[in-house]
2 protein chains.
Amino acid sequence: MDTNAAGMAEPIDFRHHLTADGGRICARMICRTLDLIANKWAVPIILTLAAARQQRPDRPMRFSELSRALPLITQKELTKQLRSLEAAGLVGRHVHAAVPPRVEYWLTDLGVSLRPVLDALGRWSAENGPAMAANLQQKQDAVAAAE
Amino acid sequence: MDTNAAGMAEPIDFRHHLTADGGRICARMICRTLDLIANKWAVPIILTLAAARQQRPDRPMRFSELSRALPLITQKELTKQLRSLEAAGLVGRHVHAAVPPRVEYWLTDLGVSLRPVLDALGRWSAENGPAMAANLQQKQDAVAAAE
DNA sequence: CTGAATCCTTTGTGATACTG
DNA sequence: CAGTATCACAAAGGATTCAG
């Protein structure tokens, strides 16, 4: 029956929620962005390219440089992530037709524009990561005690 | 040989990059947060709970309310996500021992503190989503034309 | 009403070897 | 050097059924 004697029970439209500053954000849009950057290696890759661009704006990074900077990622994953970031326009790619092959990657302006967002995420994580870890620990302890 | 005649080629430590404001952020921390909120339904759930808390701070949301507000999520996923958010301390949960059962969920203060970050993500997505979509379209067209 | 349990498909990720 | 191809495995997510 869905009665709402105590007040509103109408379904909340999750696609549009007021932001703190009165603007509007859309969960679907956020999720689309998250899909892009929420895999295991996208953020490290973006930050690495960002650092390189900051240190030497003139010269992009070669594939092998990225590979050395991120020693744990496999070539396959690195390639895949770079391709998907390139498709979205966050990363630029240039192939030099030469022997040996030489492919360069750089963070585009669009990619750079994402940095403040990552910074915000990083600050929140730094501030609240410990609290979250403590919470997780508590739950685990509770589970362990129950056994 | 990794020569660096033209300048530094030393591997970049991707764990620490300077932020725009001179602080430090850590890719690992960002990734840990992303692991939490980067699944298909975490953001919609958080925003829904946030909206509810804003509209009626006194009364949490029942499981069935959440389910109605997010019609496309399966019960299994909703339960799983709520549990994981609860474990991290972003969501509170209270079981009323009654028949019929009644379980309430609400966004904790920690959860609320995440909103500015989501807002930043949302704003960036709203601003740059169209550009990204255009880029993706271009690539797809290029692929289609090559066939 | 609020889940838990089960089965199933899709996707993500990694290891390894091979190539222009 | 910068990939591609292949295999394998784990995790995510969905559909359905059952239970207190």
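Throughout, protein chains are lettered first and strands after them, A, B, ... in sequence-line order, and every chain is numbered starting at 1.
Phosphate proximity of D/dC1 to A/Y105: absent, as no side-chain N or O sits under 4.0 Å from OP1 or OP2. Considering only side-chain N and O atoms, A/K40 lies under 4.0 angstrom from the phosphate OP1 or OP2 of C/dG14. Residue B/T79 has no polar side-chain atom (N or O) positioned under 4.0 Å from OP1 or OP2 of C/dT2. A sub-4.0 Å separation between OP1 or OP2 of D/dG3 and a side-chain N or O of A/R93 is present. Contact check, B/R83 against C/dA4: a side-chain N or O comes under 4.0 Å of OP1 or OP2. In this structure, A/R62 reaches the D/dA2 phosphate: one of its side-chain N or O atoms is under 4.0 Å from OP1 or OP2. Phosphate proximity of D/dA2 to A/S64: present, with a side-chain N or O under 4.0 Å from OP1 or OP2.
Among the candidates A/I30, A/L118, A/V117, the single residue satisfying the side chain to side chain contact (heavy atoms under 4.5 Å, CB included) test with B/W124 is A/V117.
At whole-Å resolution of the value, CZ in B/R102 and P in C/dT2 are 8 Å apart. For the pair A/L34 CG and D/dA12 P, the interatomic distance rounds to 16 Å; values are reported in whole Å. Regarding A/K80, its NZ atom lies at a distance of 14 Å from the C1' atom of C/dA15, rounded to whole Å. Rounded to an integer number of Å, the gap from CG of B/L78 to C1' of D/dA12 is 16 Å.
For A/S125 (side chain) and A/L121 (main-chain N/O), a donor-acceptor pair under 3.5 Å exists by modelled atom type. Remark: the backbone N or O of B/S64 is not paired with any side-chain donor or acceptor of B/S67 at under 3.5 angstrom.
Salt bridge B/R53/B/D109: present, at least one basic N to carboxylate O contact under 4.0 Å.
Both A/E104 and B/I73 lie near DNA chain D, and the one whose nearest nucleotide falls closer to the 5' end is A/E104.
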